[in-house]
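Step one of this worksheet: look at the structure below.
Sequence positions, counted from 1, serve as the residue numbers for this chain. The structure displayed is predicted, hence computed values, not measured ones.
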Amino acid sequence: MKIQTLITAAFFVLVMVLEGCSPSIQVTNKSGQLLHKVKVRDVEFAENLDHCGNGCSTAFKSVPAGSNMIFLKVSEGSEWMQLGELGPFEKNRHYSVTITKSGTEFCAELWRRQQTNTTFNDDMTKVFVSGSCPH
């Protein structure tokens, strides 16, 4: 019985290694405005967005690989605003979804991060992947 349990556990570890880990992302607010929440597909980010409008980032969370729809909630009582789709989010990579604002319009940018131990602004290795504006 114990050998079967070990074989099953080893199989699941092997599958996880071969499949790779989900992409991990943070949200960086560079809009110049306080935000309530940002949602990447179904994953919500709120940490640090409501007290800093320029350069603050959330912690990293896992999201599904591929393209993901980005949503924004400016205040607690507001409706979710759709900012568009970003991607590709690749397995085993780290990203920042950066919220910007041009005039009255919010936009989202996807940046691949190499150095996750620095702030987004100080990461000299970040690479722009794609951007999306609703209009």
Side-chain angles (χ1 to χ4, degrees):
M1 185 71 164
K2 288 187 177 192
I3 293 175
Q4 182 62 34
T5 303
L6 288 174
I7 291 171
T8 302
F11 173 74
F12 284 119
V13 169
L14 180 62
V15 168
M16 288 174 55
V17 169
L18 292 176
E19 294 266 330
C21 296
S22 296
S24 71
I25 71 161
Q26 67 179 165
V27 172
T28 304
N29 184 4
K30 294 194 73 158
S31 71
Q33 181 175 331
L34 301 181
L35 304 175
H36 182 64
K37 287 184 182 179
V38 172
K39 187 165 54 170
V40 178
R41 192 177 275 186
D42 298 333
V43 182
E44 292 186 9
F45 297 83
E47 177 188 4
N48 297 332
L49 299 177
D50 60 351
H51 66 79
C52 176
N54 193 14
C56 292
S57 300
T58 67
F60 283 87
K61 295 182 181 182
S62 294
V63 297
S67 295
N68 289 301
M69 192 61 69
I70 311 300
F71 302 92
L72 168 68
K73 203 172 199 183
V74 177
S75 63
E76 188 173 358
S78 66
E79 297 291 321
W80 285 104
M81 214 184 308
Q82 185 173 316
L83 298 184
E85 189 174 65
L86 293 179
F89 292 86
E90 298 174 358
K91 291 180 180 181
N92 302 316
R93 300 252 184 188
H94 304 286
Y95 296 92
S96 176
V97 171
T98 303
I99 305 301
T100 61
K101 190 173 181 184
S102 178
T104 60
E105 186 174 12
F106 287 97
C107 298
E109 299 174 343
L110 180 61
W111 292 80
R112 187 173 57 243
R113 302 237 6 232
Q114 304 294 357
Q115 296 179 348
T116 58
N117 59 342
T118 63
T119 63
F120 176 80
N121 289 341
D122 293 332
D123 183 356
M124 302 307 286
T125 66
K126 63 185 180 250
V127 176
F128 181 78
V129 177
S130 64
S132 177
C133 278
H135 300 95

Can you see which heavy atom on [X] is nearest to which on [Y], and at what distance?
X    : Y    : result
T28  : S96  : OG1-OG, 2.8 Å
K91  : A65  : CG-CB, 4.0 Å
G53  : L34  : N-CD2, 3.9 Å
I70  : A108 : CG2-CB, 4.1 Å
S132 : G84  : OG-CA, 3.2 Å
E47  : T58  : O-CG2, 3.0 Å

Dump the intermediate steps for side-chain contact (heavy atoms from CB on, under 4.5 Å) on V74 and M81, then the final yes or no.
CA-CA 8 Å; V74 177; M81 214 184 308; 3.5 Å; yes
Apart from F128 itself, what residues make up its hydrophobic cluster, given side-chain heavy atom links below 4.5 Å?
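For the cluster that includes F128, the remaining residues are W111, F120.
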Which Ile, Leu, Val, Met, Phe, Trp or Tyr residues join V127 in one cluster when any pair of side-chain heavy atoms under 4.5 Å counts as a link?
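Noted: V127 shares its cluster with no other residue.
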Among residues at least two apart in sequence or on other chains, which ones pass side chain to side chain donor-acceptor pair (under 3.5 Å) with T118?
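Checked T118 against side chain to side chain donor-acceptor pair (under 3.5 Å); matches are R113.
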Can you sort out the partners of T125 under side chain to side chain donor-acceptor pair (under 3.5 Å), two or more places apart, ordered by chain and number?
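With neighbours one apart ignored, the set is D123.
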Look up atom [atom1] in [X] and atom [atom2] in [Y], then write down how far apart they are to the nearest 0.5 Å.
X   : Y    : atom1 : atom2 : result
M69 : L83  : CE    : CG    : 10.0 Å
S22 : N92  : OG    : CG    : 9.0 Å
E90 : R112 : CD    : CZ    : 6.5 Å
S57 : I25  : OG    : CD1   : 11.5 Å
L86 : R41  : CG    : CZ    : 12.5 Å

Side-chain touch [X]/[Y], heavy atoms, less than 4.5 angstrom:
X    : Y   : answer
N48  : N29 : no
N121 : K30 : yes
V43  : S62 : no

Does any pair with a residue in residues 48-61 pass salt bridge (Lys or Arg N to Asp or Glu O under 4.0 Å), and if so which ones, sequence neighbours excluded?
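Residue pairs with at least one partner in residues 48-61: there are none.
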Can you pull the ring-ring contact (aromatic ring centres under 6.0 Å, His included) pairs that have at least one residue in residues 43-94, sequence neighbours excluded?
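Non-adjacent pairs meeting ring-ring contact (aromatic ring centres under 6.0 Å, His included): F60-H94, F89-Y95.
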